[in-house]
Each structure stands twice: as structure tokens, then as C-alpha cells.
Amino acid sequence: MDTRLTSRARILRAIRSVPRGKVSTYGAIAKAARLPRAARLVARVLHTSLGLPWHRIVGASGQIKLRGDQFIEQRLRLEAEGVTFRGSRVRMALHEFQLAKPRLPTPSS
DNA sequence: TCCGTGACGCGAT
DNA sequence: CATCGCGCCACGG
């Protein structure tokens with residue numbers, strides 16, 4: 001079995017779960033995918049996959065991590081969804097999406 | 001197979 | 001608030 005695919009699949013699922021008008025962070029997505037230290041992996045997945053709500057993923061404190069045109073593009077897309085900023089960062093207190101906790105083997109099944 | 005490279009995160013300076 | 005350094009992880013040459 002290729003564990004890379006399952007990890008990637010969990011990351012993709014977490015990313016896709018972020019609704020319109022909400023945002024999440026690389027680290028939070030990683031945690032939700034049960035890969036708590038794989039924030040950079042999340043970034044790679046975002047960069048190498050198509051059809052994802054990529055603009056809804058920002059840095060830990062609401063910062064857009066892209067550069068140049070991409071930076072502008074992400075900001076415009078977020079604002080178009082109603083996401084507000086304070087300076088150059090998203091107001092996380094208002095828009096951060098609370099991701100579902102990763103599924104653990106339940107004690108009482 | 002080894003090594004450099006990121007759309008990262010966080011504490012320290 | 002701006003930078004730096006170090007830890008993390010999978011990928012590509």
C-alpha cells in the first residue's frame with residue numbers, strides 16, 4: 001500500500017472541507033489530516049493539485065504566503081467571498097474555519 | 001541513494 | 001514589527 005496516497009488523500013479532504021467565506025491554515029490542515037508536522041507537505045499538495053479551493057489556505061496568523069500576482073489573486077478571491085483583512089492578514093478570529101477533528105479509533109465503537 | 005528545495009511554523013533576538 | 005534559525009516532510013534531479 002502506498003501510504004503517501006492516503007496521507008495526500010486526507011490532506012485533500014481537509015482542504016476541500018473549508019467552506020466558501022472561510023479560511024484555514026497549512027498547519028491546521030496538516031493536523032486535521034493527522035500529519036501535525038507536515039505543513040510544508042500541505043503547501044506542496046496545494047501547489048501540485050488542481051480544482052482545490054487553494055485561496056482559502058493561509059499562513060498561521062492569516063498571512064498570504066504567495067508572492068507577486070499570486071498574492072494579489074488570492075487576496076481578491078478571498079475578498080470576493082467576503083473574507084475581511086486587518087492590514088495584510090486575514091481576520092482569523094472572524095473567518096478561520098474549525099476543521100473536524102481527525103477520526104480516531106473510538107473506545108466505545 | 002544523497003542533497004537541495006519549498007505556497008510552513010514558531011520561538012528568540 | 002522585521003529577521004533569523006531550526007525543525008519537519010516528501011519530491012525531483
Side-chain angles (χ1 to χ4, degrees):
Chain A
M1 301 307 283
D2 190 332
T3 59
R4 282 177 302 170
L5 289 182
T6 62
S7 295
R8 188 187 175 87
R10 293 203 298 270
I11 290 175
L12 289 173
R13 192 176 52 177
I15 293 173
R16 283 191 280 250
S17 76
V18 182
R20 194 165 187 290
K22 287 290 180 179
V23 302
S24 189
T25 68
Y26 301 89
I29 292 294
K31 280 183 194 171
R34 305 200 58 75
L35 298 168
R37 303 291 175 289
R40 307 191 84 137
L41 179 56
V42 173
R44 179 176 287 283
V45 170
L46 280 170
H47 191 65
T48 60
S49 307
L50 296 178
L52 295 176
W54 61 270
H55 56 290
R56 298 186 190 140
I57 310 303
V58 297
S61 41
Q63 285 208 297
I64 289 179
K65 307 293 276 189
L66 290 172
R67 315 257 194 138
D69 296 329
Q70 292 281 71
F71 177 93
I72 305 298
E73 174 75 7
Q74 182 167 13
R75 172 135 186 174
L76 290 177
R77 283 182 179 240
L78 287 174
E79 292 183 323
E81 293 189 350
V83 174
T84 60
F85 290 70
R86 199 230 306 158
S88 58
R89 49 172 89 176
V90 172
R91 294 195 183 196
M92 300 304 276
L94 301 179
H95 310 102
E96 180 166 24
F97 179 62
Q98 298 306 118
L99 291 160
K101 291 177 183 175
R103 205 156 220 340
L104 290 173
T106 61
S108 60
S109 118

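Sequence lines set the chain letters: A, B, ... in the order given, protein chains first and strands last, and positions in each chain run from 1.
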message: Treating primed atoms plus P, OP1 and OP2 as sugar-phosphate and everything else as base, which nucleotides of nucleotides 6-13 of chain B get B, S or - for protein heavy atoms under 4.0 Å?
response: BBBSS---
message: Holding to salt bridge (charged side-chain N to carboxylate O under 4.0 Å, His left out), I want the full list of residues that pass it with A:R75, two or more places apart in sequence or in another chain.
response: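 Checked A:R75 against salt bridge (charged side-chain N to carboxylate O under 4.0 Å, His left out); matches are A:E79.
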- prompt: With sequence neighbours excluded, what pairs up with A:R77 under the salt bridge (charged side-chain N to carboxylate O under 4.0 Å, His left out) test?
  reply: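 Here the qualifying residues are A:E73.
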query: Is there any salt bridge (charged side-chain N to carboxylate O under 4.0 Å, His left out) pair reaching into residues 52-62 of chain A, and which pairs are they, with sequence neighbours excluded?
result: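 Found A:R56-A:E81.
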task: State which residues pass side-chain hydrogen bond (donor to acceptor under 3.5 Å, both in side chains) with A:S49; sequence neighbours excluded, sorted by chain then number.
output: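 Testing A:S49 for side-chain hydrogen bond (donor to acceptor under 3.5 Å, both in side chains), a comparison that skips the adjacent residues, returns A:R8.
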- request: Could you tell me which residues satisfy side chain to side chain contact (heavy atoms under 4.5 Å, CB included) with A:R37, sequence neighbours excluded, listed by chain and number?
  value: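 For A:R37 there are no side chain to side chain contact (heavy atoms under 4.5 Å, CB included) partners, ignoring immediate neighbours.
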task: Name the residue closer to the 5' end of DNA chain C, choosing between A:R89 and A:L35 according to the nucleotide with the nearest heavy atom.
output: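 Taking each residue's closest nucleotide, the earlier one in sequence belongs to A:R89.
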